[in-house]
Amino acid sequence: DVQLQASGGGLVQAGGSLRLSCAVSGLTFGNSAIAWFRQAPGKEREGIACIVSDNDDTVYSDSVKGRFTIASDNAKNTVYLQMNSLKPEDTAVYYCATKSRYGSSTYTYEYDYWGQGTLVTVSS
């Protein structure tokens, strides 16, 4: 049974940093794509970063490229999202997810398994 547990959200001022964690169980971690998505109030869910750790393949959306970094710790079956230079428009519920099909992607429809979400609020 695949399970994902996201944590690390909170309140931060604009320009600050946060690190989110996604603990994953029930799958072969190294060759699985793990992605972060976010959903702001009234907006569609947006894929922002993905990693396939066995080949260090990463993908970022233009909205976070250069500010956010996705990384994995295979020994802990955990994926992290380091978020720097946060902006008020980064305020959202952040989700991690994985999919059965191999390959990096940030397309929401491709993902089969989702964590519960963690709220990030960036104040101006």
Side-chain angles (χ1 to χ4, degrees):
D1 190 23
V2 178
Q3 293 187 340
L4 302 99
Q5 180 78 29
S7 61
L11 174 63
V12 63
Q13 288 188 332
S17 298
L18 276 177
R19 189 179 77 160
L20 306 183
S21 299
C22 177
V24 184
S25 62
L27 51 71
T28 303
F29 187 78
N31 63 11
S32 298
I34 311 293
W36 285 97
F37 296 79
R38 67 185 182 185
Q39 188 165 20
K43 294 189 176 181
E44 292 188 354
R45 192 167 296 188
E46 172 193 18
I48 57 173
C50 177
I51 186 167
V52 179
S53 60
D54 66 350
N55 59 7
D56 287 330
D57 184 17
T58 58
V59 177
Y60 295 94
S61 67
D62 289 342
S63 59
V64 306
K65 195 174 297 181
R67 300 187 298 124
F68 293 9
T69 302
I70 190 169
S72 66
D73 184 335
N74 288 7
K76 296 183 178 180
N77 278 19
T78 300
V79 170
Y80 302 98
L81 185 69
Q82 178 66 43
M83 307 186 295
N84 298 329
S85 302
L86 283 162
K87 305 174 183 179
E89 52 263 44
D90 294 316
T91 295
V93 177
Y94 285 69
Y95 301 88
C96 57
T98 189
K99 57 186 177 79
S100 303
R101 183 173 294 183
Y102 184 80
S104 59
S105 163
T106 55
Y107 294 111
T108 307
Y109 69 85
E110 292 190 6
Y111 283 78
D112 309 299
Y113 305 97
W114 294 82
Q116 84 290 358
T118 185
L119 176 62
V120 172
T121 303
V122 184
S123 63
S124 57

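One is the number of the first residue; the rest follow in order along the sequence. As the structure is a prediction and not an experimental result, all values here were calculated from the model.
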Where do [X] and [Y] come nearest, in terms of heavy atoms and distance?
X      : Y      : result
Ile34  : Cys22  : CG2-SG, 4.5 Å
Leu11  : Ser123 : CD1-CB, 4.3 Å
Thr106 : Cys50  : CG2-CB, 4.1 Å
Asn31  : Tyr102 : O-CD1, 3.1 Å
Phe68  : Tyr60  : O-CE2, 3.3 Å
Ala40  : Ala92  : N-CB, 3.8 Å

Going only through I, L, V, M, F, W and Y residues with side-chain contacts under 4.5 Å, is there a path from [X] to [Y]?
X     : Y      : result
Trp36 : Val12  : yes
Leu18 : Tyr94  : yes
Leu20 : Tyr113 : yes

Kindly say whether [Y] contributes a backbone atom to a donor-acceptor pair with the side chain of [X] at under 3.5 angstrom?
X      : Y      : value
Lys99  : Arg101 : yes
Gln116 : Gln5   : no
Asp112 : Ser100 : yes
Thr98  : Ala33  : yes
Tyr111 : Cys96  : no

CG-CD distance between Leu119 and Gln39, expressed to the nearest 0.5 angstrom: 12.0 Å
statement: In this structure, CG of Asp56 is separated from OG of Ser104 (nearest 0.5 Å) by 11.5 Å
Suppose we screen for side chain to side chain contact (heavy atoms under 4.5 Å, CB included). Which residues come up paired with [X], at least two apart in sequence or across chains?
X     : result
Ser72 : Phe29, Ile51, Ser53, Asn74, Val79
Thr91 : Thr121, Val122
Ser7  : Ser21

- request: Taking the side chain as every heavy atom from C-beta outward, state whether Val120 and Arg38 have any pair of such atoms under 4.5 Å apart.
  value: no
task: Mind running side chain to side chain contact (heavy atoms under 4.5 Å, CB included) on Leu81 and Ile48 for me, showing each step along the way?
output: CA-CA 10 Å; Leu81 185 69; Ile48 57 173; 3.8 Å; yes
- line: Paired with Arg67, the side-chain contact (heavy atoms from CB on, under 4.5 Å) test is passed by just one of Lys87, Met83, Gln82, namely Lys87
task: Report yes or no: is the cationic atom of Arg45 (NZ for Lys, CZ for Arg) closer than 6.0 Å to the six-membered ring centre of Phe37, at no more than 45° off its axis?
output: no
- prompt: Which word best sums up how the rings of Tyr95 and Trp114 line up, parallel for under 30°, tilted for 30 to 60°, or perpendicular for over 60°?
  reply: perpendicular
